[in-house]
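Structure first, commentary second.
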Amino acid sequence: MSEKSDMRKIHIFDTTLRDGEQSPGCTMNLRDKLLVAEMLEAMHVDIIEAGFAIASEGDFEAVKAISGAVKNSAVASLCRALEKDIDRAWEAVKVAAHPRIHTFIATSPIHMSAKLRMTPDEVYGRAVAMVKYARNLCPEVEFSLEDCSRSERPFIYRVVEGVIAAGATTVNIPDTVGYAIPTEFGALIRDIFGNVPNVNDARISVHCHDDLGMGVANTLAAIEAGASQAECTINGIGERAGNAALEEIVMALHTRHEYYKAYTDIDTTRIYATSRCVTNVTGSPVQPNKAIVGENAFAHEAGIHQHGVMANPLTYEIMTPESIGLPRNKMILGKHSGKHAFEQRLKDLGLKVEDDKIEELFTQFKSLADRKKTVSDADIEALAHNIATTFKGTAELDRFSTIASNVITPVSTVRLKVGGELIEKVSAGDGPVNASFSAICEILGVSCRLEDFQLSAVTEGMDAQCRASVRVRFGEHAYRGNGISTDIVEASILAYLQAINAGLEARNA
Ligand code: KIV
Ligand code: ZN
């Protein structure tokens, strides 16, 4: 076993809240983002990229709020290499205990000519000037050469040297379009170390997308070649096919530390809870066979495997479920379980619930246990994440009833509590969910467009809880809402109301 002193530390830069949020259907509201940031900090992520401050008012507010809340991890905001972007990023991160400005410009021939319409000399000049500008504001400045894997070597060396001389403390080499191949990408990093004279004055980072399914492999090849920061996202969410998955990079380095001679400061036992938190707030589940955090990652189906694992888990397990925080051998929780056992299970699952919400959560658990024979860990996670992100908005569901069949037009009667007043409306629709949404809009006098609507079962079985996730557009802005219930219409109504409440809150702010 290698001692830590023989090993290099790899800094983990998490961009779930920025690149991850750019993934289709993964928009998060402020509460979701704060919850995810809290989980990332508890997992000991070195840097949290909290957003792209200039992108929207909502992004700015989220980066600022996360900067105020996070104490141990550094907090970064992305910005283009433009003074106004950098100013906005700094405005959002300056309250952070460890602020970082992350600025970028593209360096590949196609991006420079077709997108930026700038010559390489102009791009070089802008990169150097903007890093200097940012360094006058912030002690930590990261510079990214967008589309670096398709850029020309001499230009890469020139830009990397220039931005380091201008004060960049980290230089990031992205494979923006997921085009690289591990041996080639490792060679690029090695060549940067071999050809940039001041390379050791900054940290070299990598940021790999997964378009060809090689994001993690490219990241690990770059680490072998000398990179000491890995940019990644929880569950690998991100633009297009996503980013390199944090849990895969971290567990590869952890499990194969003898080979990589490298370690991270990540508390691996918090991986599972963080992954589930991201799944819950984005409503975007991971595939069952996903490495590390997929439902089947530690399941053994074949008899011969089960026999081997029972004899000695190491026969088929290269890492333990416990190492990622997946508890084994648990007692089943049901309606007779007490608060103590319930709280212990929350702890085992790595779920932090504020003291003033525990009582309400326990009541919800008991009511679910009354409806279901046994309450699974996935049910408890769904309840806990739901309570952490739900807020008391303008309108609350009081009651509803629907009539639906395949022979009459579905009708829904919804009664909402709006500012202490009970208001009821009846609406017809294509189905009970559509009818309920119309009734809600009528009560609140809002007109909005449902952009995305997803239903998924939290667990298997006829009595499973259902999670509804919606995205609703009010003019320029879209808001996401999640709801859970054993009744799919109720889950949908709760999700829709949460999104509408977020929209009303933003409108009245
Ligand atoms: O993929 C990319 O190149 C990026 C940069 C802005 C870091 O996300
Ligand atoms: Zn990216």
Side-chain angles (χ1 to χ4, degrees), residues 11 13-15 17-19 22 45-57 59-68 70 73-108 111-112 115-116 118 120-148 151 155-174 176 192 196 198-207 227-229 231:
H11 294 244
F13 177 114
D14 179 278
T15 182
L17 297 172
R18 198 277 297 169
D19 219 324
Q22 287 171 221
V45 156
D46 297 281
I47 306 108
I48 298 173
E49 185 161 61
F52 196 162
I54 204 160
S56 70
E57 200 50 40
D59 262 57
F60 176 81
E61 289 306 333
V63 179
K64 197 168 167 188
I66 291 167
S67 298
V70 168
S73 312
V75 180
S77 171
L78 186 67
C79 48
R80 288 167 300 181
L82 292 171
E83 284 186 11
K84 65 171 176 111
D85 275 42
I86 295 173
D87 288 341
R88 196 74 175 141
W90 176 238
E91 198 49 40
V93 296
K94 69 181 181 198
V95 295
H98 311 284
R100 178 179 293 198
I101 292 177
H102 177 192
T103 187
F104 72 99
I105 193 164
T107 51
S108 63
H111 276 237
M112 290 191 289
K115 185 182 80 176
L116 299 172
M118 287 168 81
D121 281 347
E122 285 167 339
V123 166
Y124 175 82
R126 174 82 69 78
V128 168
M130 290 305 105
V131 167
K132 275 193 193 139
Y133 184 81
R135 257 317 284 274
N136 277 331
L137 301 170
C138 183
E140 284 283 321
V141 172
E142 172 165 338
F143 177 80
S144 286
L145 294 82
E146 193 191 8
D147 204 18
C148 190
S151 305
F155 190 55
I156 298 176
Y157 306 149
R158 183 175 167 216
V159 174
V160 174
E161 185 178 354
V163 295
I164 294 177
T169 46
T170 300
V171 178
N172 182 37
I173 308 298
T176 302
I192 290 174
V196 176
N198 58 358
V199 68
N200 291 320
D201 295 345
R203 167 159 295 119
I204 298 298
S205 167
V206 289
H207 174 115
S228 57
Q229 176 176 294
E231 304 201 357

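Side chains included, hydrogens not; waters and symmetry mates left out as well; all remaining heavy atoms used.
In this structure, H98 and E140 have side chains that are not in contact, with every pair of non-hydrogen atoms separated by 4.5 Å or more. You'll find the side chain of D147 stays beyond 4.5 Å of the side chain of T107, heavy atoms only. Side chains of I105 and M112 form no contact here, defined as non-hydrogen atoms less than 4.5 Å apart. Within the 4.5 Å cutoff, side-chain heavy atoms of I156 are placed close to those of L145. When side chains are defined from C-beta on, E161 does not count as touching V171, because their heavy atoms never get closer than 4.5 Å. Between D19 and H207 there is a side-chain heavy-atom pair separated by less than 4.5 Å. Y157 has its side chain within reach of I192: a pair of non-hydrogen atoms, C-beta onward, lies under 4.5 Å apart. Side-chain atoms of T15 and L17, non-hydrogen and from C-beta on, never get closer than 4.5 Å to each other.
Scanning all heavy atoms of the two residues, the minimum distance from I54 to K84 falls at CD1-O, 3.7 Å. Considering every non-hydrogen atom in both T170 and S205, the closest pair reads CG2-CB, 3.8 Å. For V206 against A227, the heavy-atom pair with the smallest separation is CG1-CB, 4.1 Å. Summarising the geometry of L116 relative to A106, their closest heavy-atom pair is CD1-O, 3.7 Å, with the distance given to 0.1 Å. In terms of heavy-atom proximity, P139 sits nearest to T169 at O-CG2, 3.6 Å. Among all heavy-atom pairs drawn from A168 and A202, the shortest one is O-CB, 3.6 Å.
Note that the CD atom of E57 and the CG atom of D59 stand 10.0 Å from one another [nearest 0.5 Å]. A distance of 5.5 Å separates CZ in F52 from CG in D85, rounded to the nearest 0.5 Å. Atom CD1 of residue I86 and atom OG1 of residue T103 lie 4.0 Å apart, to the nearest 0.5 angstrom. To the nearest 0.5 angstrom, I101 atom CD1 is 11.5 Å from E142 atom CD.
No donor-acceptor pair under 3.5 Å is formed between the side chain of S67 and the backbone N or O of V95. Within the 3.5 Å criterion, the main-chain N or O of S151 finds no donor-acceptor partner in the side chain of S108. Of the possible donor and acceptor atoms, none in the side chain of R18 sits under 3.5 Å from a partner among the backbone N and O of E49.
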Can you list, pair by pair, the side-chain donor-acceptor contacts under 3.5 Å of residues 124-133, counting residues two or more places apart and other chains?
residue, atom, partner, partner atom, Å
R126, NH1, A81, O, 3.1
Y133, OH, D87, OD1, 2.6
Y133, OH, D87, OD2, 3.1

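With sequence neighbours excluded, the residues forming a salt bridge (charged side-chain N to carboxylate O under 4.0 Å, His left out) with E146 are K115, listed by chain and number. The side chain to side chain donor-acceptor pair (under 3.5 Å) check on E61 picks up nothing, with sequence neighbours excluded. Under the rule for a side chain to side chain donor-acceptor pair (under 3.5 Å), the partners of S144 that lie at least two apart in sequence or sit in another chain are H102, N172. Taking P99 as the reference, W90, V93, A96, C138 meet the side-chain contact (heavy atoms from CB on, under 4.5 Å) condition, with sequence neighbours excluded. For D46, the side chain to side chain donor-acceptor pair (under 3.5 Å) criterion is met by K9, not counting sequence neighbours.
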Does R203 form a side chain to side chain contact (heavy atoms under 4.5 Å, CB included) with F13? I'd like the steps, not just the answer.
CA-CA 12 Å; R203 167 159 295 119; F13 177 114; over 6 Å; no

R158 and D121: CA distance, side-chain angles, deciding distance, side chain to side chain contact (heavy atoms under 4.5 Å, CB included) verdict
CA-CA 10 Å; R158 183 175 167 216; D121 281 347; 3.0 Å; yes

